[in-house]
2 protein chains.
Amino acid sequence: MDKTTTKTDPRVLRTRQLLRDAFVELLEEMDIEKISVNKLAERATINRVTFYLHYKDIPDMLEKMADDMISDIHLVLDRSAIKSESPEVINTTMLVKLLEHIADHSKFYKVILASQRTTIFTERLLRMLTGLISEGIDQRGSHSYVAKANIQKDIAIWYSSAALIGTIVSWLRADLPYSPVFLAKQFLLLRTLSEQKE
Amino acid sequence: MDKTTTKTDPRVLRTRQLLRDAFVELLEEMDIEKISVNKLAERATINRVTFYLHYKDIPDMLEKMADDMISDIHLVLDRSAIKSESPEVINTTMLVKLLEHIADHSKFYKVILASQRTTIFTERLLRMLTGLISEGIDQRGSHSYVAKANIQKDIAIWYSSAALIGTIVSWLRADLPYSPVFLAKQFLLLRTLSEQKE
DNA sequence: AGACTAAATTTACAACGTGTCGTATAGTGA
DNA sequence: TCACTATACGACACGTTGTAAATTTAGTCT
C-alpha cells in the first residue's frame with residue numbers, strides 16, 4: 001500500500017509552498033533585508049509561529065530553497081545525461097534543458113537570482129566592466145585574433161562558469177530576449193572558444 | 001586659501017572610516033544580515049545615533065561604499081587610459097592596474113565581493129556549473145575546436161563581464177594564487193577568444 | 001466511521017533592533 | 001577667542017525576533 005512515495009503531510013507541503021510563494025512575491029516588491037518573518041507569514045496567510053516550525057530563520061529558509069532549486073535542476077538534467085552521446089551533444093542538450101527550465105520558471109529565477117545586496121558591489125563592478133568591454137569590442141571590431149591558448153585549467157573553469165551564470169542572470173533581467181535554444185548555441189560558440197586547456 | 005580640496009570636517013572622515021573598517025571586520029566574522037547598527041557602532045567605537053547622521057540605514061551605507069569603490073577604481077584606471085596606445089596595450093595595462101588595485105586591498109575586496117546572501121542561489125548554481133564544466137573539459141581534453149563565431153554582441157558582453165568579475169571573485173576566494181599580471185594575461189587569452197562579434 | 005497523531009493557531013513574553021527626539025559636550029576653523 | 005557643528009548621551013515608541021505554553025484543526029491509519 002504505502003510505497004516510498006508521499007510520506008510528507010500535505011499540510012507541511014502546503015505551508016512551505018505558501019511561504020515560498022510569499023517570499024517570491026515580497027522579493028518582487030522590496031529588498032530582501034526588508035522581508036521580516038512577520039510580513040512573510042502575513043503574506044502567506046499562516047501564523048508567524050508556524051514559520052519557526054519549518055525554518056530556523058529567513059537565511060535558513062533561503063538555504064533550503066536553494067537546495068530545492070538544485071534538486072529540481074538535477075532532475076531536469078540528469079535524465080538526459082545518461083545516454084552516452086558525444087560530449088557536444090550532451091552539453092547542448094543539457095544546456096538547452098537548463099535554459100528551458102529557467103525560462104519555464106522565469107518569475108522565480110528572475111526574482112531569486114537577480115535580487116540585490118550585497119550584490120551591489122559585484123553589481124557595480126559588473127556594470128563598469130560591461131561598459132569597458134563594450135568599448136573594447138567596438139574599437140576592435142572584427143579584428144580579434146585567435147591566440148594559441150596556454151591557460152590554467154582552474155582559471156578557465158572560474159571563467160566559464162561565472163560567464164555562464166552571469167549571462168543567465170543578464171538574460172533574465174532583460175526578460176528573456178532570446179530563446180533557450182538560441183542562447184545555448186551562443187554559449188557553446190563562446191565556450192568552446194574558451195575551453196582550451198594547458 | 002581653501003582650494004577645492006578638503007572641505008570636509010576631519011571628524012566626519014574619521015567616523016566614516018571607523019564605520020567602514022568596523023563593517024569589514026564584522027563581515028569577516030558574521031553574515032551580513034546579522035550586522036546591526038548596534039554592533040556596527042559598538043565595533044566602530046562611536047555612538048549608535050551618530051551612524052544615522054551619516055547613513056539612512058545599512059543598505060544605504062553599502063550603497064555609499066559601493067560608490068566609493070567605483071570612484072577609487074576609476075582613479076586607478078583613468079590615468080592610464082588617456083594616452084592613446086593600441087587597444088591591446090590599453091586593455092592589458094588597465095586590467096593589470098585593476099587586478100593590482102584589488103590585490104592591494106584584497107582584505108576589503110575579498111570580504112565585500114565574496115560575502116553571502118542572496119548570493120546563495122547564484123553561488124549554488126555556480127558550484128554546480130563549475131562541476132559540469134570541469135567534467136566537460138576533462139572529457140574533451142585538448143580537442144576543442146575553434147568555431148566560426150556568429151555571436152550577439154550583447155550576449156558576448158554579458159558573457160565577458162560576468163566571466164571577468166566571477167573570475168576575480170574566485171581568485172579572491174582562493175587567496176590570490178596567481179599574480180595580477182599573470183591573471184591579466186590569462187584573461188586576455190580567454191577574452192580575445194570570445195570577442196568575436198557579428 | 002472513530003481514535004490517534006501531527007501540524008497549525010493563539011496568546012503571551014522578554015530581549016533586541018530601529019529610528020528619532022532633545023540636550024550636553026567637545027573638536028574645528030577663522 | 002568665538003561661532004559652528006559633529007558627536008555623545010539618555011530616553012522614547014515601535015516593530016521584530018525567538019520561544020513557550022495550551023488549544024484547535026486537519027490528516028492518517030485501521
Side-chain angles (χ1 to χ4, degrees), chain A residues 1-27 29-65 68 115-118 120, chain B residues 1-27 29-65 68 115-118 120:
Chain A
M1 286 297 161
D2 56 323
K3 302 172 184 176
T4 73
T5 50
T6 58
K7 279 183 153 188
T8 35
D9 198 311
R11 286 172 292 181
V12 325
L13 294 177
R14 179 190 123 95
T15 299
R16 288 190 186 152
Q17 196 53 53
L18 287 172
L19 277 171
R20 281 143 211 244
D21 290 348
F23 187 81
V24 172
E25 272 187 45
L26 289 176
L27 204 47
E29 298 169 18
M30 63 191 70
D31 283 336
I32 190 170
E33 68 281 350
K34 295 291 178 191
I35 298 180
S36 65
V37 179
N38 267 327
K39 291 177 193 155
L40 200 49
E42 186 182 6
R43 180 64 62 100
T45 62
I46 64 156
N47 193 278
R48 186 175 68 87
V49 178
T50 306
F51 173 89
Y52 294 101
L53 297 178
H54 295 270
Y55 306 109
K56 189 175 155 290
D57 49 22
I58 286 179
D60 179 55
M61 178 176 171
L62 290 181
E63 205 85 53
K64 303 288 173 53
M65 285 176 76
D68 293 345
S115 87
Q116 307 292 61
R117 284 206 179 78
T118 75
I120 327 169
Chain B
M1 286 300 160
D2 57 324
K3 302 171 184 177
T4 72
T5 50
T6 57
K7 277 183 154 187
T8 36
D9 197 312
R11 283 173 294 180
V12 324
L13 294 177
R14 179 189 124 94
T15 299
R16 290 189 183 152
Q17 195 54 51
L18 287 172
L19 278 170
R20 281 144 211 243
D21 290 348
F23 187 81
V24 172
E25 272 187 44
L26 289 177
L27 204 47
E29 299 170 17
M30 62 191 71
D31 284 335
I32 191 171
E33 68 279 352
K34 293 293 177 190
I35 298 179
S36 64
V37 179
N38 267 327
K39 291 178 192 153
L40 200 48
E42 186 182 5
R43 180 65 61 99
T45 63
I46 63 158
N47 191 278
R48 185 175 68 88
V49 179
T50 305
F51 173 89
Y52 294 101
L53 298 176
H54 295 271
Y55 307 107
K56 187 175 156 292
D57 49 21
I58 286 179
D60 179 56
M61 179 175 170
L62 290 181
E63 204 86 52
K64 303 287 172 55
M65 286 177 75
D68 292 346
S115 89
Q116 307 292 61
R117 307 237 146 53
T118 72
I120 326 169

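Chain identifiers are assigned alphabetically (A, B, ...) following the order of the sequence lines, protein sequences preceding nucleic acid strands; residue numbering begins at 1 within each chain.
Looking at B/Arg20 and B/Asp68, a side-chain N of the basic residue comes within less than 4.0 Å of a carboxylate O on the acidic one, giving a salt bridge. We find that A/Arg43 and A/Glu29 are joined by a salt bridge, their nearest charged nitrogen and carboxylate oxygen being less than 4.0 Å apart.
Note that the first and last nucleotides of DNA chain D, 5' to 3', having any atom under 4.0 angstrom from a heavy atom of chain B are D/dT5 to D/dA11.
In this entry the distance linking CG of A/Leu19 with P of C/dA7 reads 15 Å, nearest Å.
Contact record, A/Ala41 with A/Arg48: CB-CA, 3.5 Å, taken as the closest heavy-atom pair. A/Thr50 and A/Ile46 get closest at one heavy-atom pair: CB-CD1, 4.0 Å. Taking all atoms of both residues into account, the shortest heavy-atom contact from A/Tyr55 to A/Asp60 is CA-OD2, 3.4 Å.
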Shorter than 3.5 Å, N or O on both sides, protein versus nucleotides 24-28 of chain C: list them out with atom names.
unit_1 : atom_1 : unit_2  : atom_2 : d
C/dG27 : N3     : B/Arg11 : NH1    : 3.3

Less than 3.5 Å apart, which donor and acceptor atoms pair up between the side chains of residues 33-40 of chain A and the rest of the protein, not counting sequence neighbours?
unit_1  : atom_1 : unit_2  : atom_2 : d
A/Ser36 : OG     : A/Lys39 : N      : 3.2
A/Lys39 : NZ     : A/Lys34 : O      : 2.6

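Remark: B/Glu42 CD is loosely packed, at most 12 non-hydrogen atoms of other residues, nucleotides or ligands lying under 6.0 Å away.
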### Task
If a protein heavy atom is under 4.0 Å from the base, mark B; if only from the sugar-phosphate, S; if neither, -; do that for nucleotides 13-18 of chain C going 5' to 3'.
----SB
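Shown here are the side chain to side chain contact (heavy atoms under 4.5 Å, CB included) partners of B/Asp21, two or more places apart in sequence or in another chain: B/Gln17. Residues satisfying the side chain to side chain contact (heavy atoms under 4.5 Å, CB included) criterion with B/Ser115, sequence neighbours excluded, are A/Thr118, B/Leu27.
Sequence order on DNA chain C of the closest nucleotides to A/Thr45 and A/Lys34 puts A/Thr45 first from the 5' end.
Within the model, atoms CE of B/Met30 and CD of B/Glu25 stand 10.5 Å from one another, a figure rounded to the nearest 0.5 Å.
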